[in-house]
Amino acid sequence: MAPGARAGTGRVMWLTPERLFYAGLLGSPSVRTMGGLLIYVALRAPIRIRFDGGPWASTELAVVPAYMPHSVACDDRMICDLGLEAESIDLARLPSVIRGRAGPVDDAAFVRHVRQAHAYLSERGRELDLQADSFDQIFFGHALAPRRLDPRIEAVVQRIRNAPSATATAESCAASAHLSFSRFLHLFKEEVGTPFRSFRTWKRARSLLHYVTQDSNLAHVALDTGYPDSTHFSHSIRQVYGLKPSDIFAGSRKLALIGERVAVGDGMPG
DNA sequence: CTGCACTGGGATGGAAGGTG
DNA sequence: CACCTTCCATCCCAGTGCAG
């Protein structure tokens, strides 16, 4: 079960319900559209990034708003990125390094800081008792201000987040929120910033990350993560990550997962 | 906040094609 | 050969704007 702790590769992933830190192989992704606010940090070579077929920009640091299609490349095999779940952060109160940004950002101090954090986590991360809330502390020096959602929408967000593989229809979510179907869809988009369906799609695709170090065939992973078959699985994963599922798994062989305490996907303990 | 009409595209699954 | 990805056709869920 526990993949060998390979010190030295520097390949590390820290996954919490609202945050992601990834330092590992990039592969050759095509256009990708992720549901979190992304912060790319160059490790050993500058990264290149572009939006919507526009010109490539070379940079040490780039910010991509949630649900914004983009392409990223790098001369080095390794890349580093932070992912902040869009519905969990107050966009207006983000640190200035990411607030309102889309594209390359010039902040050498932040780049240096993230690289140091990466070195620290890849050396010691597996030994530490990392809480989800220490993520912000490590990377930003303080907890990021959370977004305050309408409690009825918040409950639905939690429901999907806790069981991303379940197929909760918008109609059932509306009922559980005691809202009309119409009102629910409108309010959901207003609060979360993205339509219900794309949110659900993203959370499902994101849950794949919990499985990437496991060694089972993709058809099983597809079913475990809530996709009806490998066809839809392949298509959807490619849409989100810009990579084929098999490439993602192949590239994650030596990836050390840290901060992973409970398997996400099935029931709550107690 | 509800109800409604219109519509686009995500969801789906069979089958063919590709790859190691 | 097993497994994975792409292709394609179909369907209906959900996105949206608006009247009330």
Side-chain angles (χ1 to χ4, degrees), chain A residues 3 24-36 51-53 65-73 77 85-87 147-255 265:
Chain A
L25 299 178
L26 174 63
S28 306
S30 56
V31 175
R32 48 165 57 176
T33 307
M34 308 231 219
F51 299 95
D52 195 29
Y67 300 99
M68 181 173 285
H70 64 284
S71 303
V72 61
R77 301 175 69 205
E85 293 305 287
E87 77 283 2
R147 182 182 301 193
R148 284 181 58 89
L149 296 173
D150 181 298
R152 293 163 299 185
I153 299 299
E154 172 70 24
V156 171
V157 164
Q158 292 297 342
R159 173 176 168 187
I160 295 172
R161 181 188 287 162
N162 292 336
S165 63
T167 49
T169 65
E171 206 153 12
S172 73
C173 289
S176 73
H178 302 294
L179 290 166
S180 71
F181 182 55
S182 167
R183 180 61 188 150
F184 170 72
L185 290 177
H186 283 101
L187 187 60
F188 190 96
K189 183 175 182 183
E190 189 181 322
E191 291 285 314
V192 176
T194 196
F196 173 81
R197 182 150 57 183
S198 47
F199 179 81
R200 192 183 54 188
T201 298
W202 158 246
K203 289 300 183 190
R204 192 189 278 183
R206 187 183 195 267
S207 73
L208 169 73
L209 298 177
H210 290 282
Y211 296 81
V212 292
T213 57
Q214 293 178 15
D215 194 19
S216 68
N217 78 51
L218 294 188
H220 289 159
V221 175
L223 295 177
D224 286 348
T225 45
Y227 294 91
D229 54 41
S230 64
T231 296
H232 186 47
F233 175 66
S234 179
H235 180 76
S236 184
I237 293 304
R238 207 171 145 68
Q239 192 111 335
V240 170
Y241 297 102
L243 295 165
K244 294 185 262 192
S246 57
D247 290 344
I248 293 176
F249 276 73
S252 302
R253 292 269 159 65
K254 291 178 179 172
L255 190 65

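Computed from a predicted structure; not experimentally measured. Numbered from 1 within each chain, the chains take letters A, B, ... in sequence-line order.
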Side-chain N or O of K189(A) less than 4.0 angstrom from OP1 or OP2 on dT16(C)?
yes
Which listed nucleotide (dA14(C), dT6(C), dA11(B)) is nearest to the side chain of F181(A)?
dA14(C)
Tell me whether the rings of H70(A) and F51(A) are parallel (<30°), tilted (30 to 60°) or perpendicular (>60°).
tilted
Are any of the side-chain nitrogens in R147(A) or E154(A) under 4.0 Å away from the carboxylate oxygens of its partner?
no
Evaluate the side-chain hydrogen bond (donor to acceptor under 3.5 Å, both in side chains) criterion for residues R159(A) and S172(A): first the C-alpha distance (whole Å), next the side-chain angles of each, then the deciding distance (0.1 Å), finally the verdict.
CA-CA 11 Å; R159(A) 173 176 168 187; S172(A) 73; 3.2 Å; yes
Parallel, tilted or perpendicular, judged at 30° and 60°: which one describes the rings of F188(A) and F196(A)?
perpendicular
Protein-nucleotide distance (H232(A), atom NE2; dC7(C), atom P), rounded to Å:
17 Å
W202(A) CH2 to dG10(B) P: how many Å, rounded?
16 Å
Measure from the side chain of S182(A), starting at C-beta and using heavy atoms only, and say which of dT5(C), dG8(B), dC4(B) lies closest.
dC4(B)
Looking at every strand, decide which applies to H186(A) at a 4.0 Å heavy-atom threshold: base, sugar-phosphate, or nothing.
base
What is the distance from CG of L187(A) to P of dT16(C), rounded to the nearest Å?
14 Å
May I have the distance from L223(A) (atom CG) to dT12(B) (atom C1'), rounded to whole angstrom?
13 Å
Of the options dT12(B), dG15(C), dT5(C), whose atoms approach the side-chain atoms of D229(A) most closely?
dT12(B)
Could you state the atom-to-atom distance from OH of Y227(A) to P of dC4(C) in whole Å?
16 Å
Atom-pair distance (NE2 on H235(A); P on dG18(B)), nearest Å
19 Å
Picking from dT6(C), dT16(C), dT12(B), which would you name as closest to the side chain of K244(A)?
dT6(C)
It should be established whether R238(A) places a side-chain nitrogen or oxygen under 4.0 Å from OP1 or OP2 of nucleotide dC4(C).
no
To the nearest angstrom, how far is F233(A) atom CZ from dG13(B) atom P?
16 Å
With the side chain of T231(A) defined as its heavy atoms from C-beta on, choose the nearest nucleotide among dT5(C), dG14(B), dA14(C).
dG14(B)
Phosphate OP1/OP2 of dA11(B): any R204(A) side-chain N/O under 4.0 Å:
no
Pick the nucleotide of DNA chain C nearest each of A168(A) and S230(A); which residue has the one closer to the 5' end?
S230(A)
Below 3.5 Å, does any donor atom in the side chain of S180(A) face an acceptor in the base of dG3(B), or the other way round?
no
Base dT19(B) to side chain S246(A), donor-acceptor N/O within 3.5 Å cut-off
no
For T201(A), answer base if it contacts any base atom (sugar-phosphate contacts may also be present), sugar-phosphate if it contacts only those atoms, and nothing otherwise; contact means non-hydrogen atoms under 4.0 Å.
sugar-phosphate
Minimum heavy-atom separation for F233(A) and L218(A), please, with both atom names.
CE2-O, 4.0 Å
Applying the side chain to side chain contact (heavy atoms under 4.5 Å, CB included) criterion to L187(A), which one of V156(A), I153(A), V192(A), L149(A) satisfies it?
I153(A)
Integer-rounded Å distance: dC13(C) P and R200(A) CZ
10 Å
